[in-house]
Amino acid sequence: GESVGLHLPTLSVQEGDNSIINCAYSNSASDYFIWYKQESGKGPQFIIDIRSNMDKRQGQRVTVLLNKTVKHLSLQIAATQPGDSAVYFCAENLGNTPLVFGKGTRLSVIA
Amino acid sequence: DAGITQSPRHKVTETGTPVTLRCHQTENHRYMYWYRQDPGHGLRLIHYSYGVKDTDKGEVSDGYSVSRSKTEDFLLTLESATSSQTSVYFCASNGQGRGEAFFGQGTRLTVV
């Protein structure tokens, strides 16, 4: 698989703690947002999405919050596990235009 | 995982040579995308396709061309490779043009 030695913001958390990853998106008209997880050597994988008419959505151990006023997304991971170590990207969509990705945050889980 | 594969997985080529990367999907997805991933830039869109023979440019399309002659295949060509095109290339696809896109495993291209 492929990965890139990205010079990214890094968030280090203890195993079992909650993680919060933040993202500022660029287009106030975007109407759909996705969080992706990229493990070393792999392509990005979908975690959770949210539409612009919502401000919160929950999945299994993950919650996405959307604040359109300040164009901010966050991803909350509950009870962080070693398998959560990865790079996390937010992405935004307007209509059928292709996804636009943020630069990513590296999450490092300390066992 | 969606059936999307990229080939080759690794390639080293010389400056000035043409290079073609291949993306194949088995999901009958209408939309396909090529992104490149570089340190400090995240994923940037090169070109995308919204149907057979229908393509459009992305943010970083200079020096690249694409072709889509069949639904399942999307080719990315570097007409004359340069060192600035050393990168990891990802292909993605989806059925609706919005929302979740499924990614391949990537191709690491090195131009020397």
Side-chain angles (χ1 to χ4, degrees), chain A residues 1-10 21-27 29-54 57 59 62 64 66 73 86-106, chain B residues 1-11 21 23 25 30-51 54-61 74 86-110:
Chain A
E2 299 305 324
S3 65
V4 180
L6 302 172
H7 307 297
L8 297 170
T10 299
I21 301 171
N22 296 304
C23 172
Y25 63 90
S26 59
N27 187 347
S30 291
D31 56 4
Y32 191 86
F33 304 89
I34 301 179
W35 279 100
Y36 277 90
K37 173 184 181 183
Q38 187 178 24
E39 296 176 284
S40 180
K42 297 184 178 180
Q45 291 185 295
F46 173 91
I47 303 172
I48 190 168
D49 58 4
I50 188 169
R51 297 189 185 278
S52 59
N53 61 354
M54 305 170 67
R57 190 168 187 213
V62 294
V64 56
L66 174 63
L73 272 173
V87 177
Y88 290 81
F89 293 95
C90 65
E92 60 187 292
N93 212 180
L94 171 59
N96 282 356
T97 60
L99 288 168
V100 175
F101 285 80
K103 291 181 171 47
T105 297
R106 185 182 303 280
Chain B
D1 288 345
I4 184 164
T5 56
Q6 295 182 228
S7 61
R9 297 295 309 280
H10 301 266
K11 186 169 182 66
L21 307 184
C23 180
Q25 53 102 355
R30 177 182 173 188
Y31 294 82
M32 297 185 75
Y33 311 88
W34 278 106
Y35 289 88
R36 61 179 287 175
Q37 187 173 34
D38 304 289
H41 291 281
L43 288 143
R44 293 181 293 173
L45 183 70
I46 305 171
H47 281 279
Y48 68 102
S49 170
Y50 46 96
D54 293 323
T55 65
D56 206 349
K57 296 179 179 180
E59 176 189 1
V60 290
S61 60
F74 193 32
T86 292
S87 187
V88 180
Y89 291 85
F90 286 98
C91 176
S93 71
N94 62 15
Q96 303 300 320
R98 63 179 289 112
E100 180 184 1
F102 299 89
F103 281 81
Q105 291 285 67
T107 295
R108 179 177 292 277
L109 177 67
T110 302

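Below, chains carry the letters A, B, ... as their sequence lines are ordered, and counting in each starts from 1. Note: hydrogens, waters and symmetry copies are ignored here, and every other heavy atom, side chains too, is used.
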Legend entry - Pairwise distance CG(B:D56) to OG1(A:T97) - rounded to 0.5 angstrom: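 With rounding to 0.5 Å, CG (B:D56) is 11.0 Å from OG1 (A:T97).
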
Inset, instruction - Give, as side chain, backbone, both or neither, the part of B:L43 having an atom under 4.5 angstrom from any heavy atom of chain A. - result: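 Contact with chain A is through both the backbone and side chain of B:L43.
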
Inset, instruction - Tell me, for B:Q96 versus chain A, whether the close heavy atoms (under 4.5 Å) come from the side chain, the backbone, both or neither. - result: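 Backbone only.
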
Inset, instruction - Taking the side chain as every heavy atom from C-beta outward, state whether B:E100 and A:Y36 have any atom pair closer than 4.5 Å. - result: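 Yes - at least one pair of side-chain heavy atoms lies under 4.5 Å apart.
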
Closest non-hydrogen atom pair between [X] and [Y], with its separation:
X	Y	answer
A:L99	B:G99	CD1-O, 3.7 Å
A:Y32	B:R98	CB-NH2, 3.4 Å
B:F90	A:G43	CE2-CA, 3.4 Å

Legend entry - Side chain, backbone, both or neither of A:D49 within contact of chain B (heavy atoms, under 4.5 Å):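 Interface part for A:D49: neither.
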
Inset, instruction - Among the options B:Y33, B:Y35, B:Y31, pick out the one with the most heavy-atom pairs lying under 4.5 Å from chain A. - result: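 Most heavy-atom pairs within the cutoff with chain A belong to B:Y35.
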
Inset, instruction - List for me each residue that meets side chain to side chain contact (heavy atoms under 4.5 Å, CB included) alongside A:N27, sequence neighbours excluded, and say none if there are none. - result: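 Checked A:N27 against side chain to side chain contact (heavy atoms under 4.5 Å, CB included); matches are A:A29, A:S30, A:E92, A:L94.
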
